[in-house]
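This report concerns only the one structure given below.
Throughout, protein chains are lettered first and strands after them, A, B, ... in sequence-line order, and every chain is numbered starting at 1.
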Amino acid sequence: MIIATYNVNGVNGRLPVLLRWLAERQPNIVCLQELKAPDEKFPIQAIEAAGYGAIWHGQKSWNGVAILAKGAQPIETRRGLPGDLDDSHSRYIEAAVNGVLVGGLYLPNGNPRPGPKFEYKLRWFARLTELMAELYATKAPVVIAGDYNVMPTERDVYKPERWRDDALFAPEVRAAFVGLLAQGWTDALRKLHPDETIYTFFDYFRNAYARNAGLRIDHFLLNKPATKRLLRAEVDLAVRGWEKTSDHCPVWVELKD
DNA sequence: ATGGCTAAACAATTTAGA
């Protein structure tokens, strides 16, 4: 079973790229982020025509998350991150598909730092940490995938010194990620590629993709039952070179069926 | 270091991304 995450950066603007990638990769489950569309503008007809059932939580202009399942309807288990009724951002959705619990997240960017956006990022991360402490204990496989907007270590940044004070690499944010790992979660990409340079995002600016000036910010965290089934973890780098593509690459793991 | 690119909401610029 292939489970993927893809920050599409506009699900409607990106639809041809998304459909081509779905056809080529044939993932069983897909978490999408940055739909940038309200619920009624989600392209459900095209996604169903591609063979996928879906649930989604949209928002006008920004954010927005979805979960797709090939030949199945995801069973929604949660929509929105608990812990703050005033948080109106669409950044978390969760579903059960074929015995696996999948959470798809779009963690706040947090720039500029310092400032209210950075404070929001830290609060959101703290709420996620609470939720994931509960989810970790689930007996079934749990996969929390998405755009975490954090480079966990220096090797996950093309030029660490330039990002030192950025909200994606700040000590508080990296510490929060370490806090998740301390709960027991496995960073799937890093576990299977301990010594490789892995990037999942390349800025549209400055020809970043061609220069391999990337960041690793899209992650898969697996609980123990999921980790036992982990076979592969890869980045579909070539998609970043397609026409009208997202600034993020699709990322995926394969779990033993 | 800086400025550069892209999408969406709008209907020419602004906001946000990372």
Open item on the list: So, OP1 or OP2 of B:dG17: does either fall under 4.0 Å of a side-chain N or O from A:Lys36?
Closed with: no
Open item on the list: Side-chain N or O of A:His248 versus OP1/OP2 of B:dA18: is the shortest distance under 4.0 Å?
Closed with: yes
Checking [X] now: which residues fulfil ring pair (Phe, Tyr, Trp, His ring centres under 6.0 Å) with it, not counting sequence neighbours?
{"X": "A:Phe201", "result": "A:His248"}
{"X": "A:His57", "result": "none"}
{"X": "A:Phe125", "result": "none"}
{"X": "A:Phe118", "result": "none"}

Task: Cationic tip of A:Arg174 above A:Phe169 ring, under 6.0 Å, 45° of axis - done: yes
How is [X] classified with respect to the nucleic acid when contacts are heavy atoms under 4.0 Å: base, sugar-phosphate, or nothing?
{"X": "A:Asn7", "result": "sugar-phosphate"}
{"X": "A:Asp147", "result": "sugar-phosphate"}
{"X": "A:Tyr106", "result": "sugar-phosphate"}

Task: Other cluster members, A:Leu19 - Ile/Leu/Val/Met/Phe/Trp/Tyr, side-chain contacts below 4.5 Å - done: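 A:Tyr6, A:Val8, A:Val11, A:Leu15, A:Val17, A:Leu18, A:Trp21, A:Leu22, A:Val30, A:Leu32, A:Leu35, A:Phe42, A:Ile44, A:Ile47, A:Tyr52, A:Trp56, A:Leu68, A:Val239, A:Trp242, listed by chain and number.
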- [ ] Please list, chain by chain and in numerical order, all residues satisfying side chain to side chain donor-acceptor pair (under 3.5 Å) with A:Arg155, sequence neighbours excluded.
- [x]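 A:Arg155: no side chain to side chain donor-acceptor pair (under 3.5 Å) contacts found.
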Open item on the list: Applying side chain to side chain donor-acceptor pair (under 3.5 Å), can you list everything that pairs with A:Ser61, at least two apart in sequence or on another chain?
Closed with: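 Listed in chain order: nothing, the list is empty.
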Open item on the list: Which is more 5' along DNA chain B, the nucleotide nearest A:Thr245 or the one nearest A:Gln59? Just name the residue.
Closed with: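 Final value for this comparison: A:Thr245.
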Task: Contact list for DNA chain B against residues 9-17 of chain A - heavy-atom distance below 4.0 Å - done: A:Asn9, A:Gly10, A:Gly13, A:Arg14
Open item on the list: Below 4.0 angstrom, which residues in residues 150-162 of chain A have at least one non-hydrogen atom near DNA chain B?
Closed with: A:Arg162
Task: Nearest-Å distance for atom pair OH/P, residues A:Tyr209 and B:dT6 - done: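 Whole-Å distance recorded here is 15 Å.
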Task: Distance, P atom - from B:dT6 to B:dA18, rounded to whole angstrom - done: 16 Å
- [ ] For the side chain of A:Ser61, starting at C-beta, report the closest nucleotide among B:dC5, B:dA18, B:dA8.
- [x] B:dA8
Open item on the list: What I want to check is whether an N or O donor and acceptor connect the side chain of A:Asn109 with the base of B:dA18 at under 3.5 Å.
Closed with: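 Looking at the base of B:dA18, it does pair with a donor or acceptor on the side chain of A:Asn109 (distance under 3.5 Å).
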